[in-house]
Chemist: 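Starting off with a structure, shown below.
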There are 2 protein chains.
Amino acid sequence: MNEPALGKGGYSGAMALGKDYATQECSIARALEVVGERWTLLVVRDALYGVRRYNDFLVHLGIPRAVLAARLQTLTEAGVLEKRPCADAPRRHEYVVTERGRALWPALRALGAWGLDTFGGTAPLRLFRHVACGTELGAAGECPACGGLVPVEDVEMLPGPGLDPEPSDPVSRALLAPRRLLQPLTTDPV
Amino acid sequence: MNEPALGKGGYSGAMALGKDYATQECSIARALEVVGERWTLLVVRDALYGVRRYNDFLVHLGIPRAVLAARLQTLTEAGVLEKRPCADAPRRHEYVVTERGRALWPALRALGAWGLDTFGGTAPLRLFRHVACGTELGAAGECPACGGLVPVEDVEMLPGPGLDPEPSDPVSRALLAPRRLLQPLTTDPV
DNA sequence: CAGGGCTGGTTCATTCATTGAACTTACTCC
DNA sequence: GGAGTAAGTTCAATGAATGAACCAGCCCTG
């Protein structure tokens, strides 16, 4: 009913009917139009964890191929990911998180923190630390010791006590080792 | 493929097939199973804004009645909302945010902040302030002056420069006035 | 240079969810 | 008794997700 004031910020991709929240004049609704579809936030999560290749997303998420292709395209058009040919192996593509995608980290972190202390019991699956000081991040992705939001690239991810130590897919296995966020994931050396 | 380790935290409602992320061993995925469906986060947002009644959600969201009923039920079963008869008018119900629902505020705030500076242009639609000191909240819902997460009930919401000053539905009109979050919304005195 | 494998998709039929309109039920007020 | 409100349910139609199968380009090997 209100005037929608659509996409002022560079993303004007026509959303398929029924996916937008036309009457909602609200930046949460704007965000959800891009990132609120099924699987989308998990794709972004994986991208922040360092996953870059189509097939890695595929096996790690267990998502239908068509849906993955659609989500990668939406995210690329929205400027959250950038698609580019892989430097060393020209037949491969990479989907790399942009600054815009990195800016989603606090939201993902907050959602994860909520999921953990709401449904997760006591054992976290992954721990996140500020590399500079080793302190574990707070629920908003901030460092309680340094007192500010930690840039994504300065976050170290470690396996928590609740994580399956022997996952079946190679991507999960690669994600068992402590690693920085955004650091490209390699599954090749099996 | 991994063992799912489902719902340890008091919510064991059977999710309809195809809504869960069965292979995802991750608290973000757990959160999204509850809160990741279409409309759900906007319902929670409205609940935090003070909306409590079925018909108010309905007119404000422009959501199909069946979907609203389903979302309210899911959220109630998940312990995010609590359904109870209205004290003064026994035929009415109220859906009130629980502590668990209030804990979603940082995530919603982070999503909204992302939506604003990604797609919103320059004019925010709503401003959020720490009541105690009047400072505008940071992107994670923290108070930059006091330096901590502001409890939801201490957040004041004000109309921003981008907000339509004459919305057509009574709920949007009631939300024009500065108000604290969680404060019950009244649309009766028209 | 034929064959096989890898990567990154597309196409398709089936199933599931969302939509909007119409209908229902219970209760109150006049 | 009739109208009105609150909070739904039911239904047919549409649209999206799923999983399996198919495809095309590139590279390596024999």
Chemist: Looking at B/Trp39, does any N or O in its side chain come under 4.0 Å of the phosphate oxygens OP1/OP2 on C/dT19?
Modeler: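 The answer is yes; a side-chain N or O of B/Trp39 sits under 4.0 Å from OP1 or OP2.
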Chemist: If you only use heavy atoms from C-beta on, which nucleotide in D/dA7, C/dG20, C/dG8 is closest to the side chain of B/Pro64?
Modeler: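 Of the options given, the side chain of B/Pro64 lies nearest C/dG20.
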Chemist: Looking across every strand, which nucleic acid part, if any, lies under 4.0 Å from A/Tyr95 by heavy atom: base, sugar-phosphate, or nothing?
Modeler: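 The answer is sugar-phosphate, as A/Tyr95 gets under 4.0 Å only of primed atoms, P, OP1 or OP2.
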Chemist: For B/Arg179 and B/Ala174, indicate whether the former's side chain and the latter's backbone hold a donor-acceptor pair under 3.5 Å.
Modeler: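 No, B/Arg179 side chain to B/Ala174 backbone: no donor-acceptor pair under 3.5 Å.
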Chemist: Would you call B/Arg180 and B/Glu156 a salt bridge, using N to O less than 4.0 angstrom?
Modeler: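 Answer for the salt bridge query: no.
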Chemist: So A/Ala66, base contact, sugar-phosphate only, or nothing? Heavy-atom distance under 4.0 Å.
Modeler: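 Contact class for A/Ala66: base.
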Chemist: Return the value, rounded to whole Å, for the distance between atom NE2 of A/His93 and atom C1' of D/dC26.
Modeler: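 Interatomic distance, NE2 of A/His93 to C1' of D/dC26: 11 Å.
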Chemist: When you measure from the side chain of B/Ala69, which nucleotide among D/dA17, C/dT10, D/dT9 comes out closest?
Modeler: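 Within the option list, the nearest is D/dT9.
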Chemist: Between A/Leu163 and A/Leu125, what is the shortest heavy-atom contact and its length?
Modeler: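 Looking at all heavy atoms of both residues, the closest pair is CB-O, 3.4 Å.
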Chemist: Are A/Arg65 and C/dG8 close enough that a side-chain N or O sits under 4.0 Å from OP1 or OP2?
Modeler: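 False: A/Arg65 side-chain N/O out of range (4.0 Å or more) of C/dG8 OP1/OP2.
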Chemist: Please tell me which of A/Ile63 and B/Ala70 maps to the more 5' nucleotide of DNA chain D, matching each residue to the nucleotide holding its nearest heavy atom.
Modeler: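 So the residue in question is B/Ala70.
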Chemist: To the nearest Å, give me how far apart CZ (B/Arg92) and P (C/dC29) are.
Modeler: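 To the nearest whole Å, that distance equals 11 Å.
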Chemist: Do any side-chain nitrogens or oxygens of B/Arg53 fall under 4.0 Å of OP1 or OP2 in D/dT5?
Modeler: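 Result: no.
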Chemist: B/Phe128 and B/Trp105: aromatic ring centres closer than 6.0 Å?
Modeler: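 Yes.
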Chemist: Would you say D/dA6 has OP1 or OP2 under 4.0 Å from some side-chain N or O of B/Lys83?
Modeler: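 For D/dA6, neither OP1 nor OP2 has a side-chain N or O of B/Lys83 closer than 4.0 Å.
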Chemist: Between atom CG in A/Leu68 and atom P in D/dA16, what is the gap in whole Å?
Modeler: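 Between P of D/dA16 and CG of A/Leu68: 18 Å.
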Chemist: Would you indicate, yes or no, if C/dA17 has its OP1 or OP2 atom less than 4.0 angstrom from a side-chain nitrogen or oxygen of A/Arg38?
Modeler: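 No.
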